[in-house]
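Reading through the structure tokens given below for one structure.
A, B, ... follow the sequence lines: proteins, then strands. Residue 1 opens every chain. This one's a predicted model, so the numbers in the text were calculated from it and none came from an experiment.
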Amino acid sequence: MEAAETMTQSRADCLLDGLTDPQRDAVTHAEGPLLVLAGPGSGKTRVITRRIAHLIVGGTPPWTILALTFTNKAAGEMRQRVADLLGDESAVARGLTVSTFHALCARLLRRWAEGIPGAGLTGDYTIYDTSDQVSLMKRVIAELGLNTGNWPPRSVLSAIGNAKNELLDPEAYGQQAHDFYGRQIAKLYGAYERALRSANAVDFDDLLVLTARLLRDNEEVREQLRHRWEHVLIDEYQDTNHAQLVIARLIAGERRQMPGMPGEFIEPNICVVGDPDQSIYGWRGADLSNILEFEEHYPSARVIALGENFRSTSPILAVADGLIRRNLRRKHKELFTSRTGGEPVEVALALDERHEASQVAQWLGARHEAGTPWREMAVFYRTNALSRVMEDELRARTIPYSIARGTAFFDREEVRSAVAYLRVLANPSDDVSLARIINTPARAIGKTTLARVQEAAQTAHVPVLRAMREGLAADAVGTRAAPALRRFVDLMDSLTGAGTFMGESITGSLADLVERVIRETGLEAMYAAQAQATGGETDAERLENLSELVSSAAEFEERFDPEADPSLSDPKSLARRQAVGAPPLLVMLRAYLESIALVADADAIDPAQGAVTLMTLHASKGLEFSAVALIGLEEGLLPHSRSQESPAALEEERRLCFVGITRAMDHLRLSCARYRTHRGFSERSTPSRFLDELDEPSIVRVDLADSDEFIGDEGTDLDRAPNAPGATSPARGAARLFPPGCAVRHEQFGVGRVIAVMAGTTPRARVDFRDVGVKTLVLEFARLRRIDPSA
DNA sequence: TCGTTTCACTTTTTT
DNA sequence: AGTGAAACGA
């Protein structure tokens, strides 16, 4: 007994090793609400993981702890670090729930969908992503007799999303709508919700909204979960929205009187960690007041500020501080580091985006020469579109890189199609997925046929697949279509192995199912035929992606642990599940589809790869790298043009820049380009105002546009155009480079002779090509090259 | 019904 | 530029 205690004691002490006083306070804080205001690099993750470990070592059962993060990757890392701290395997941490908000909600809903009064949802629901939402909304708009021109699906969805984040249902939204627009949106909102429910589907926002409703309206579930999770910890609290706040509060519980002890209270054990200066998801409903008003929500809260930065050198921190100070709606927080010295931050002006990319690549190369491994370097940008140039450049120089785009794979059309089949198998009511695959590959079921079946299904209030199976549209569809529909139903039924649906008892391999879907639906044959016909690389690639999907399913299957499901969370039900043995295929399929739906870009980062990481500023949150290059610091990009009208949005852009800067440990480089090609058009850009807000003594400005490689002013810049593909070339001088009659070569059209050059904002040339005849080309993009001897 | 072609637009960020 | 949808022709 005594020995055990000593051991526990010493392990607890270990957990406090190397912590500063405030860090230690946060780790050891016992009961009641706790707010940790953690500046960048202040050891936030360290504090959370040690706090969890400390609780467990102190006797708190792991299954009474719930930790919430924003990405799966963050959750995985947190779980791993806790396990590492606890040493003896993960056994100690068994039952500990570390999850994203969305994944937690998805699982709670799996378990209790039927327990939400009036929601009409069942546990086999599908999660719709943005493009599914758009498809559904288009249909809803059409059904209400509106047109997508006046009611752009995305805008409507965004209005609905905002309403959902505030937990307003269609009725409540309609009540507070006072103009025509608002009332129409309310109508669309209601119809959209009905359409979702009849497809037994939820969108991302619903995961939160419905969970909030479940907890609010179902006392039994609420009490059960409250009882189960005695400790709730939330990371990145500054990025939670209203629905998430409500969920957290409902699970954590309220301050309440201790039974039989008047004057004594039980405080909820809710610990939130965040930094208002790193709030970057306001556009998606994140509410900064959640963290700012934490003390009002929990008057007894203890507040601990972690200001010391252990990550960045002092010039980097000074630059970050100088920038963030410009935000007016902000409580100032002193940032300090003991990492004095260090290189100044490089601020560079490049000629154009290619030039910028090349300079960045060179800079990364120099860092590598100096001993920094590729994997400790990163390039950040405001928009995904900016990754392209950077990729091209790194590829050309054979610098290893990887892009953080978690969804990229599952966004490919062939993968989406295969997944749509799986979704229909898992949820036969999923009409959006059904519409996607009913004629892929082509089965002579065209637009009109589909519309007729959909209509028949609608009037009969049944899912489309069922309407087809029961031949409800038999007289409405043509004689050719009817057997085609029949064959499709038979195909789907043959995949489930039954006339009805995969019974719960069916077991088997998920990977096998995926493979059968790809083969038996004809997807594989379709791409194989195309690959053969065109010899096209893309089709061969598609086949590869499909087989990669099979691998991903196999991998998932391997890792799948039905016990890790927090919805079932009490030890009793764990035992019950274990007794069941192998998980039914359907359960696994649902879990697989769910994991696909909830991947984040940041999840795709694998530091083991030994490559430079390219990602958006948003995805960079929570990470750190030895060397960071931030590109595209231009007005309109960072801050983004869409944010310039509101001061609040502008401040969020500044915070975004702050987040990027503070990811850097040792080396930081910020750059902008004088010209940038937008959507096909090269435009002069203005350096970001943020570049004027940096701490001058900590930076060194390099005007690379003036360096020897690119001589100075625009005149000479223009002269590069004919020989430097992609170099931007504004109007002036263009005509002079391509005198009428000169011979030119075009990548695609071959050789030809210039007829005339038209000046203007976008100078064009009329060229008579030997093979393809006369074409008019925009000089900026045509990449024309003179090939006559005089050139 | 299906394939091609033209045309029109463009959310930046993501669970 | 690139994509996705409407329009058109077979």
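The CG-C1' distance, from N439(A) to dT1(B), rounds to 8 Å in whole Å. Rounded to whole Å, atom P of dC9(B) lies 18 Å from atom NE2 of H678(A).
Residue K621(A) is out of contact with every strand shown, counting any heavy-atom pair closer than 4.0 Å. The residue T449(A) sits close only to the backbone: its heavy atoms come under 4.0 Å of sugar-phosphate atoms, none of a base.
For H640(A) and W283(A), the gap between ring centers reaches or exceeds 6.0 Å.
Mapping K138(A) and R388(A) onto DNA chain C via the closest heavy atom, the residue that lands nearer the 5' end is R388(A).
Summarising the geometry of D129(A) relative to R423(A), their closest heavy-atom pair is N-NH2, 4.3 Å, with the distance given to 0.1 Å.
At a threshold of 4.0 Å, the pair R655(A)-E652(A) counts as salt-bridged, since one of the basic side-chain nitrogens sits closer than that to a carboxylate oxygen.
Side-chain polar atoms of D206(A) and Y125(A) form no donor-acceptor pair below 3.5 angstrom.
A parallel orientation is assigned to the rings of W151(A) and Y181(A), their planes being inclined by less than 30° (bins at 30° and 60°).
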List the protein contact pattern of nucleotides 10-15 of chain B with one symbol per nucleotide (5' to 3'): B for base contact, S for sugar-phosphate-only contact, - for none; contact means a heavy-atom distance under 4.0 Å.
-> BBBBBB
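Going from the P atom of dG4(C) to that of dT13(B) covers 15 Å, rounded to whole Å.
Listed by chain and number, the residues in a side-chain hydrogen bond (donor to acceptor under 3.5 Å, both in side chains) with S595(A) amount to none (sequence neighbours excluded).
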